[in-house]
Amino acid sequence: MGPRTDWLGRAKRQLYRDLRADPYLPYLLLGALVLAGFGFWHRIPVFATWDEHDRVLDALVAYAEIVNDPSIEGVREGISWSRAPFGGTLWVYLLAVLPVVLVALATGQGDAIAAMRDPVYTYGHYQVWAETPRWIWTWSLAFVRLTNVVFAVVTVYLLYRLGTRLEDRATGRWAALLLTLTFGFLKLAKEGGEDMPATMCFVAALYFLVGYVRTGDRRQFYAGSAAGGLAIAFKLTLGLAVLIILLAFLLRARVADGPLRRVLWQPRLLVGGAALGALMIVVGHPTALVGDFEAVGHRWFGRIGRPNRVVGPTAPTWWWFLRTYGSAFGWPLLLGAVGGLVASAAHLARLAPDRTGLRERVPGFDERALVVGALLVFLLFFARWHDWRVHHILPTFPLAALLLADSLRRLSAHRRRVARAVMAFVVVTSALYAGVGVGQFASMPRDEATEWLTENADEDATMEVYFHAFFENSVPHGMDLNIPPEETGELDPCPDYIQVGDKELLYLQDIPESQRSSEVDFYAEPRQEYIRALVDGEYDYEIVAEFGERPPNFVPHRPEPGSLRELAPLGVYPHSDQYGDEQELASDQYVAILQRQGECTQPAEATRDAPW
């Protein structure tokens, strides 16, 4: 194998050199592993989010089709089945769950895998989840999440390398440490999805592009283009990598020898980079490789309206930035990140060459301009969205950490004590914020409610649940459910239990329609009346167990959209409080289990009409 193709060997040798040269790096990576991996088992064998549900199920259904029909057509059908073709994650999670499939086949349980083909959608594909052996879901989710933890640790190391390339090892260490202590980063490391692998590929692309801007080495440009294409294959919003690659090209062309027109006209370089990126995008979409281009087209062009799709309430852009970054970073780290961006922009303004020296190279200017430009590209892009959640902005976390670390390094050269004090404050407060947030995964109300039902409910007991899917509730594996009438007409008129969680209680909020999220703006008034009557005991059901902290009078509180004052708690105590499918933490996971009192009677059945 030649030196150009031995990229894995070069990466390993670089890692070994870094571990030998930097005595702090092993502890840094170990800390990232512990924090990212702590609590990865939460909710298993239940999914954490919709994203994780879709990605894991896609992989297992693909194997189910292949086991049922081990032919080319079976492979095509298995890979093409999906809620939407999610690109590179299918490749990754096909590998992650492969040991589970092989064990099932080796132990004569191949039929359990084959039975998962073409599952019925009802209530988030509840039937296939309930009928598939528990161990298959347990180990599939465990391997998927551990894979994601590995991606997180590799991202931390790549940021260390990027900081080292930008300035020195100290900058790399500080950047990697700040990213490790970013709670939003750690939270997303604990669920299956495309966000973490996409971010890892993006950081790798930026690492190569910084090298290209500094040295002009074309191999670095090609590597950056390939890594950028792979990032796009994982997540569509990383299409912004194209703009960042172009920015790197222009920054290098500025200082290249020769007339500007000639250095800008490099079709071989640009076409080669574009071809490599496009190749990685195509290869990264398994549906494209099996000829299902219609699905790929839907993935790429059927979701263009996402920036204007309303999920959360209507509020100013600055409010969404503050609430989302505040909950992901905590206020001290967010203030530091903003300060790092401002200080970096000011530093670039001081370094910028004047008109007479526009083509002259200024040490450190172009590399930092690339990083600052990359962050600004993302911020300007998301500023056009109606609303967004933490996982959307994950690729910006490494950029913010790097700019803060680099700014503190420059401050240390002139104000050493001040720089140390600022860094100590940011690190300690971020460690506390992230530590408390990560610690919540050790005791989750939904998990506790599931365990209580497993121990106390009879085997043939039926529980009525609401909302969109079973994994948004506490459901023991295989339990009989009354699920919303839109999903099925077969309902037990008097289920043994009814479950009410934080999401159902959101209907009790007396707020304007514009302040409601898309989750709780449908049939709001009748559902509000029903939930209130239910928790007040008007339907012969009483609360027999509660998990998590009950909201005052059962009414959860969310910050008023557009209110600056009410945002403060979001960056002080870590929780999710997101609009959409984010992981809820303990503070947003209240669960009440109501049990039927007495015998089932026809009048009781007639008066309880759940408007779902």
Side-chain angles (χ1 to χ4, degrees), residues 47-55 83-84 86 121 123-124 184 187-188 191-195 198 235-240 298-328 378-396 466-469 471-473 484 486 501-509 511-524 527-528 556-563 566-567 570 575-585 587-589 612:
F47 305 104
T49 64
W50 275 99
D51 285 355
E52 183 175 79
H53 162 270
D54 292 338
R55 278 50 162 190
R83 184 169 71 92
F86 286 107
Y121 175 75
Y123 209 51
K187 184 174 69 170
L188 290 170
E191 69 163 276
E194 74 272 20
D195 301 287
K235 192 172 181 66
L236 285 180
T237 51
L238 266 299
L240 297 174
H298 172 73
R299 170 65 173 164
W300 273 82
F301 303 109
R303 299 170 64 89
I304 294 177
R306 173 60 186 90
N308 296 319
R309 183 160 60 90
V310 177
V311 177
T314 298
T317 298
W318 63 261
W319 188 82
W320 281 104
F321 271 116
L322 284 178
R323 82 179 308 277
T324 310
Y325 275 101
S327 63
F378 276 98
L379 295 180
L380 291 173
F381 173 71
F382 285 114
R384 299 171 53 250
W385 287 36
H386 179 277
D387 55 70
W388 59 88
R389 300 183 291 283
V390 171
H391 71 93
H392 292 126
I393 59 174
L394 178 63
T396 67
Y466 309 116
F467 236 79
H468 302 135
F471 47 85
E472 295 180 302
N473 298 286
E486 297 99 297
D502 190 76
K503 289 189 175 182
E504 287 81 19
L505 296 183
L506 286 172
Y507 283 103
L508 300 182
Q509 290 183 303
I511 56 178
E513 190 72 18
S514 63
Q515 293 187 16
R516 291 188 178 275
S517 70
S518 61
E519 295 178 316
V520 289
D521 63 355
F522 193 63
Y523 288 152
R527 290 181 178 182
Q528 181 184 77
H557 176 73
R558 275 181 166 170
E560 177 185 345
S563 171
E566 292 192 9
L567 285 182
L570 293 182
H575 61 311
S576 50
D577 190 37
Q578 299 299 316
Y579 296 94
D581 56 2
E582 291 289 322
Q583 295 177 11
E584 290 84 6
L585 299 183
S587 56
D588 301 305
Q589 274 203 15
W612 256 270

Checklist entry - When you look at His468 and Trp50, which way does the side-chain contact (heavy atoms from CB on, under 4.5 Å) test go after all the steps? => result CA-CA 10 Å; His468 302 135; Trp50 275 99; 3.7 Å; yes

Item to check | Intermediate values then yes/no, side-chain contact (heavy atoms from CB on, under 4.5 Å), His391 and Asp51 | outcome: CA-CA 11 Å; His391 71 93; Asp51 285 355; 4.1 Å; yes

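- Atom-to-atom distance recorded for Ser517:OG and Leu506:CG is 7.0 Å, nearest 0.5 angstrom.
- Classified by interplanar angle (parallel below 30°, tilted 30° to 60°, perpendicular above 60°), the ring pair Phe378/Phe382 is parallel.
- The minimum heavy-atom distance linking Ser327 with His575 is given by the pair CB-O, 4.1 Å.
- Residues Ile511 and Arg516 are in side-chain contact: their nearest non-hydrogen atoms beyond the backbone lie under 4.5 Å apart.
- Here CZ of Phe471 is found 7.5 Å from OG1 of Thr49. Values are rounded to the nearest 0.5 Å.
- Looking at Asn473, its side chain never comes within 3.5 Å of a backbone N or O of Gly501 through a donor-acceptor pair.
- The two atoms that bring Val520 and Lys503 nearest to each other are CG1-O, 3.8 Å, heavy atoms only.
- From Arg323, atom CZ reaches atom CZ of Arg389 across 11.0 Å, with rounding to the nearest 0.5 Å.
- Closest of all the heavy-atom pairs between Tyr507 and Gln528 is O-NE2, 3.0 Å.
- Residues His392 and Thr324 form no side-chain contact, since every pair of their non-hydrogen atoms from C-beta on lies 4.5 Å or further apart.
- The two atoms that bring Pro559 and Leu567 nearest to each other are CB-CD2, 4.4 Å, heavy atoms only.
- To the nearest 0.5 Å, atoms CG (Leu394) and CG (Leu238) are separated by 9.0 Å.
- Between Pro313 and Arg558 the shortest side-chain heavy-atom distance does not fall below 4.5 Å.
- Between atom CH2 of residue Trp388 and atom CZ of residue Phe321 there is a gap of 4.0 Å, rounded to the nearest 0.5 Å.
- Residues Pro556 and Gln509 approach most closely at O-NE2, 3.2 Å, considering heavy atoms.
- With Phe47 as the partner, the side chain to side chain contact (heavy atoms under 4.5 Å, CB included) test is satisfied by one option alone out of Glu472, Glu191, His53, Arg55: His53.
- Between the CG atom of Leu585 and the NZ atom of Lys187 there is a distance of 5.5 Å, given to the nearest 0.5 Å.
- The shortest non-hydrogen separation linking Asp502 to Asp588 is CB-O, 3.6 Å.
- Listed by chain and number, the residues in a side-chain hydrogen bond (donor to acceptor under 3.5 Å, both in side chains) with Glu566 are His557 (sequence neighbours excluded).
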